[in-house]
Undergrad: 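Shown below is the structure under consideration.
Worth knowing before you read on, the calculation uses all heavy atoms, side chains too, and leaves out hydrogens, waters and symmetry mates.
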Amino acid sequence: MSKDTIANILTSIRNADMNKKRRARIPYTTITENIVKILLREGFIENMRKHQESNKYFLILTLRHKRNRKSPYRTVLNLKRISRPGLRIYSNYQRIPRILGGMGIVILSTSQGIMTGREARLEGIGGEILCYIW
């Protein structure tokens with residue numbers, strides 16, 4: 001595992017979704033908890049709970065799947081990491097991108113905490129663009 005915890009949780013969620021798993025287990029940090037709360041609030045995942053195993057905490061996520069027997073399986077989540085440890089990407093509130101015309105979300109790390117692009121535009125603050133989710 002690398003030191004980039006945000007990329008780790010996005011990859012864990014993406015892998016669980018691609019393998020048609022119902023649950024994903026990710027390590028607990030306050031940043032991952034805030035990102036998962038945004039995913040839960042925006043309806044990209046169904047449920048989240050905190051679990052402890054031998055003095056380590058994990059978040060157990062219940063993923064949302066589209067199950068249609070007639071068509072092939074389609075992934076629900078598309079996650080893309082933007083800012084990374086080697087190249088930080090910042091934006092002011094006027095230049096926060098809109099994903100699929102507002103269908104997707106941008107997750108930002110701002111001075112007020114981790115929030116979506118829509119919330120940051122309303123507050124009038126910019127920050128580091130962490131990821132796109134659609």
Undergrad: Can you see which heavy atom on Ala24 is nearest to which on Ala16, and at what distance?
TA: CB-CB, 3.8 Å
Undergrad: Are the side chains of Leu77 and Arg14 in touch, meaning some heavy atoms are under 4.5 Å apart?
TA: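 They are not in side-chain contact.
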Undergrad: If the test is side-chain contact (heavy atoms from CB on, under 4.5 Å), which one of Thr62, Asp17, Val36 qualifies with Ile45?
TA: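 That would be Val36; it is the only one of Thr62, Asp17, Val36 passing the side-chain contact (heavy atoms from CB on, under 4.5 Å) with Ile45.
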Undergrad: Would a distance-only check, ignoring hydrogens and angles, find a side-chain to backbone donor-acceptor pair under 3.5 Å from Thr32 to Thr29?
TA: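 At least one qualifying donor-acceptor pair exists.
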Undergrad: Under a 4.5 Å side-chain heavy-atom rule over Ile, Leu, Val, Met, Phe, Trp and Tyr, are Tyr57 and Leu59 clustered together?
TA: yes
Undergrad: In Å, rounded to the nearest 0.5 Å, how long is the span from CD1 of Ile13 to CD1 of Ile35?
TA: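 Reported to 0.5 Å precision, the distance equals 8.5 Å.
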Undergrad: Can you tell me how far CH2 of Trp134 sits from SG of Cys131, rounded to the nearest 0.5 angstrom?
TA: 10.0 Å
Undergrad: With rounding to the nearest 0.5 angstrom, report the CD1 to OH distance, Ile129 to Tyr90.
TA: 11.0 Å
Undergrad: In Å, rounded to the nearest 0.5 Å, how long is the span from OG of Ser83 to CZ of Arg88?
TA: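 The distance works out to 5.0 Å.
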Undergrad: Under 6.0 Å from the ring centre and within 45 degrees of the ring axis: does the NZ or CZ of Arg121 meet both conditions for the six-membered ring of Tyr93?
TA: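 No cation-pi geometry.
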Undergrad: To the nearest 0.5 Å, what is the distance between CD1 (Ile114) and CD (Glu128)?
TA: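 Taking CD1 in Ile114 and CD in Glu128, the distance rounds to 9.5 Å.
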Undergrad: Could you tell me whether the side chain of Arg64 reaches within less than 4.5 Å of the side chain of Phe44, counting heavy atoms only?
TA: no
Undergrad: Answer yes or no: is there a side-chain heavy-atom contact under 4.5 Å between Ile82 and Tyr132?
TA: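 Ile82 reaches Tyr132 side chain to side chain.
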Undergrad: Applying salt bridge (Lys or Arg N to Asp or Glu O under 4.0 Å) to Arg118 and Glu42, what does each step give before you reach the verdict?
TA: CA-CA 11 Å; Arg118 187 177 340 113; Glu42 296 289 326; 3.3 Å; yes
Undergrad: Tell me whether the count of non-hydrogen atoms from other residues, nucleotides or ligands lying under 6.0 Å of NZ in Lys56 goes above 12.
TA: no
Undergrad: For residues 97-111, which side-chain donor-acceptor pairs fall under 3.5 Å, sequence neighbours excluded?
TA:
| from | atom 1 | to | atom 2 | distance (Å) |
| --- | --- | --- | --- | --- |
| Thr110 | OG1 | Gln112 | N | 3.2 |
| Thr110 | OG1 | Gly113 | N | 3.4 |
| Thr110 | OG1 | Gly113 | O | 2.6 |

Undergrad: Run Thr116 and Arg41 through side-chain contact (heavy atoms from CB on, under 4.5 Å) and show every step you take.
TA: CA-CA 10 Å; Thr116 64; Arg41 188 174 62 225; 4.2 Å; yes
Undergrad: What's the separation between atom NZ in Lys21 and atom CG in Leu61, rounded to the nearest 0.5 Å?
TA: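 The NZ atom of Lys21 sits 15.0 Å away from the CG atom of Leu61.
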Undergrad: If you count the non-hydrogen atoms of other residues, nucleotides and ligands that lie under 6.0 Å from CD1 in Ile31, is the total more than 12?
TA: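 Incorrect, the count does not exceed 12.
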Undergrad: Which is it for Arg22 and Glu46 under the salt bridge (Lys or Arg N to Asp or Glu O under 4.0 Å) test, yes or no, and what are the steps along the way?
TA: CA-CA 10 Å; Arg22 185 80 174 139; Glu46 284 184 16; 3.0 Å; yes
Undergrad: Does the Arg23 side chain pair with the main chain of Arg25, one donor and one acceptor, at a distance under 3.5 Å?
TA: no
Undergrad: Please tell me whether Glu33 and Tyr28 have a donor and an acceptor in their side chains that are separated by less than 3.5 angstrom.
TA: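 Present: a donor and an acceptor within the cut-off.
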Undergrad: Would you mind reporting whether Ile6 and Asn8 have side-chain heavy atoms less than 4.5 Å apart?
TA: no
Undergrad: Short question: side chain of Arg81, backbone of Leu10 - any donor-acceptor pair under 3.5 Å?
TA: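 No.
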Undergrad: For the residue pair Leu39 and Ile133, establish whether any side-chain heavy-atom pair is separated by less than 4.5 Å.
TA: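 The answer is yes; the side chains approach within 4.5 Å.
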